[in-house]
Amino acid sequence: MRARSMRRSYGGGEPFAGGVGGGRDASGQDHPGDTGLVPPSTPASYRVEPPDGGYPRSAIGAHTLCNHGKGGENQDSYLASASSSGSKSLIGVFDGHGEQGAHVSRFASSQIARSLFAHKDLHNDPVTALENAYLETQQKIERTHNFDALHSGSTAISAYRHRNRLYIANVGDSRAVLGVCQSPIGRGVGDTLTAVELSSDQRPDREDERRRIISEGGVVHQSAVPVRQGFGGPPRFMRVGPERVWDRTGRCGLCVTRSMGDLGMRPWVIAVPEISERELGPKDKVVILGSDGVWDHMASQEAVDIAARHRDPAAAAREITNIARQRWHSTTQGQMSDDITAVVMHLDHASPPSTRASSRSAGVAVTAAAAPAGA
């Protein structure tokens, strides 16, 4: 089973150790880096003096495990990026599905970051910038990957932090969870944290999503499996598995109601993200993003409990994914596990500033020059 992991600290932490190829792609070829994945410096007109104690700084770790018994290709991608000043960071998890799911998830992870960081309203209206980044990414998929994305797609959950504001954009059933400490003076590591879910899984059994699809003429039901009633008798169809959204042919069903790609499922499966905003305070200690390979076998609170035990976010991500995989194997007698990915971002409210920016998406690592602390 193949595994990938990385750790990157922003704000005086340990240097990068491990990673998705260490700046190389899956074949071992070096990439020159892509500065489009690094958050840009804040224009002078939008800079402010940081409060006493400064803004929270990020230490990010990630780990991903390839599926077992489902084809052997890991279709998950993840993104971790931060500015040189430490005031901005972007993390994401993208869970591909379909024959070209890996391709769609990799494209979405890098394109959403590029579109977000290039948007004119990034510094004064991040919600609009995030909405546009998802829309532009979907439009580029339609224009340049139309055939590949007809019956393939990807979830896309991202968390963008600027200073003490956190923005979550979600398409699909990957999930974002925040770990909140009871005391603002807690360090997070070893403390008791309470899980707060920052996103809502977009599946057909969610009543508002089901109503939206049916009102537009879509069809939602479980898969139908023929079962013989007796010797020589006609088969009857039994409904099994989760509810799905079905395409016009009735042969292709999808377990999520929103995704990037999946052009054959339009207009019922859409790429419009649900976006939430939160002001981060001293009690907010960790953000966890995970694909459904995690959440199908782990509660949000357990993931937060695991993250609270580790000072190294990469170690936390590794334990989360490994436990999820063990449970997949336990429930399937070792026959199957999904792709499993977790990104853990510790929030340190008392770190010194960094001097370099860095980014990682689908195996690409880049750096940039320092920026002012108030950026």
Side-chain angles (χ1 to χ4, degrees), residues 1 3-7 20 58-68 70 74-80 89-97 101 105 108-109 112 154-161 166 168-180 193-203 255-256 258-260 273-274 276 285-310 312-329 331 337-347 360-362:
M1 179 154 313
R4 304 181 303 197
S5 64
M6 59 83 74
R7 180 185 190 274
V20 189
S58 305
I60 304 173
H63 195 68
T64 184
L65 295 171
C66 184
N67 69 82
H68 174 68
K70 296 182 66 176
N74 192 340
Q75 294 186 308
D76 284 2
S77 299
Y78 64 78
L79 171 69
S89 54
L90 175 68
I91 58 177
V93 167
F94 307 84
D95 180 358
H97 52 260
S105 74
S109 68
I112 285 175
S154 177
T155 71
I157 189 158
S158 57
Y160 173 64
R161 181 187 65 83
L166 182 68
I168 305 293
N170 183 42
V171 161
D173 61 357
S174 296
R175 188 183 305 166
V177 179
L178 177 69
V180 181
L193 304 182
T194 300
V196 177
E197 293 186 355
L198 301 176
S199 62
S200 177
D201 300 348
Q202 297 156 354
R203 291 179 171 177
C255 291
V256 294
R258 304 189 188 207
S259 72
M260 312 304 297
E274 292 182 317
S276 63
K285 301 300 183 182
V286 63
V287 177
I288 303 170
L289 304 187
S291 61
D292 68 343
V294 171
W295 309 119
D296 283 352
H297 288 278
M298 181 175 293
S300 299
Q301 183 61 55
E302 184 181 4
V304 167
D305 291 342
I306 292 170
R309 295 200 294 264
H310 293 278
D312 181 357
R318 189 178 305 113
E319 183 175 351
I320 289 169
T321 54
N322 283 336
I323 289 176
R325 182 178 63 179
Q326 291 168 10
R327 292 176 182 168
W328 273 96
H329 288 179
T331 57
S337 64
D338 199 0
D339 298 325
I340 306 170
T341 300
V343 178
V344 176
M345 179 170 69
H346 283 169
L347 299 172
R360 182 163 292 275
S361 173

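- The shortest distance between side-chain heavy atoms of Thr194 and Gln301 falls below 4.5 Å.
- The two residues Val294 and Ala342 have their closest heavy-atom pair at CG2-CB, 4.4 Å.
- Although no hydrogens or angles enter the test, the distance criterion places a donor-acceptor pair under 3.5 Å between the side chain of Ser276 and the main chain of Leu198.
- Judged by distance alone, the side chains of Ser105 and Ser154 never bring a donor and an acceptor atom under 3.5 Å apart.
- Ser300 has its side chain within reach of Trp295: a pair of non-hydrogen atoms, C-beta onward, lies under 4.5 Å apart.
- Between Lys70 and Asp76 there is no salt bridge, since no side-chain nitrogen of the basic residue lies less than 4.0 Å from a carboxylate oxygen of the acidic one.
- Applying the side chain to side chain donor-acceptor pair (under 3.5 Å) rule to Arg161 yields the partners Ser58, Ser89; only residues at least two apart in sequence or on another chain are considered.
- One distance of note links CD1 of Ile288 with CD1 of Ile320; it measures 4.5 Å at 0.5 Å rounding.
- Once rounded to the nearest 0.5 Å, the distance linking CG of Asp173 with CG of Asp296 reads 7.5 Å.
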Could you please spell out the steps behind the side-chain hydrogen bond (donor to acceptor under 3.5 Å, both in side chains) verdict for Thr155 and Ser174?
-> CA-CA 6 Å; Thr155 71; Ser174 296; 2.8 Å; yes
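- One distance of note links CD of Glu197 with CG of Leu178; it measures 11.0 Å at 0.5 Å rounding.
- In this structure, OG in Ser337 is found 6.5 Å from NE2 in His68, a value given to the nearest 0.5 Å.
- Atom-to-atom distance recorded for Arg325:CZ and Leu65:CG is 5.0 Å, nearest 0.5 angstrom.
- At a threshold of 4.5 Å between non-hydrogen side-chain atoms, the residues Val344 and His310 do not count as touching.
- You'll find the side chain of Leu79 reaches within 4.5 Å of the side chain of Phe94, heavy atoms only.
- Residue Arg175 holds its CZ atom at 11.5 Å from CG of Leu289, rounded to the nearest 0.5 Å.
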Evaluate the side-chain contact (heavy atoms from CB on, under 4.5 Å) criterion for residues Val256 and Val171: first the C-alpha distance (whole Å), next the side-chain angles of each, then the deciding distance (0.1 Å), finally the verdict.
-> CA-CA 9 Å; Val256 294; Val171 161; over 6 Å; no
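- Contact annotation: the side chain of His97 approaches that of Ser259 to within less than 4.5 Å [non-hydrogen atoms, C-beta and beyond].
- In the model, Thr64 has a side-chain atom that pairs as donor or acceptor with a side-chain atom of Asn74 under 3.5 Å.
- Residues Met260 and Ala108 approach most closely at CG-CB, 4.4 Å, considering heavy atoms.
- His297 has its side chain out of reach of Ile340: every pair of non-hydrogen atoms, C-beta onward, lies at least 4.5 Å apart.
- Checking side-chain atoms of Asp339 against main-chain N and O of Gln75 turns up a donor-acceptor pair under 3.5 Å.
- When side chains are defined from C-beta on, His346 counts as touching Val286, because their heavy atoms get closer than 4.5 Å.
- For the pair Pro273 and Ala169, the tightest heavy-atom approach, listed with the atom from each and the gap, is CB-CB, 4.2 Å.
- The shortest heavy-atom contact between Val304 and Ala195 is CG2-CB, 3.7 Å.
- Between the side chain of Asn170 and the main chain of Ile157, no donor-acceptor pair closer than 3.5 Å is present.
- Ser199 meets the side chain to side chain donor-acceptor pair (under 3.5 Å) test with no other residue; sequence neighbours excluded.
- Residues Ser291 and Val93 form a side-chain contact, since some pair of their non-hydrogen atoms from C-beta on lies under 4.5 Å apart.
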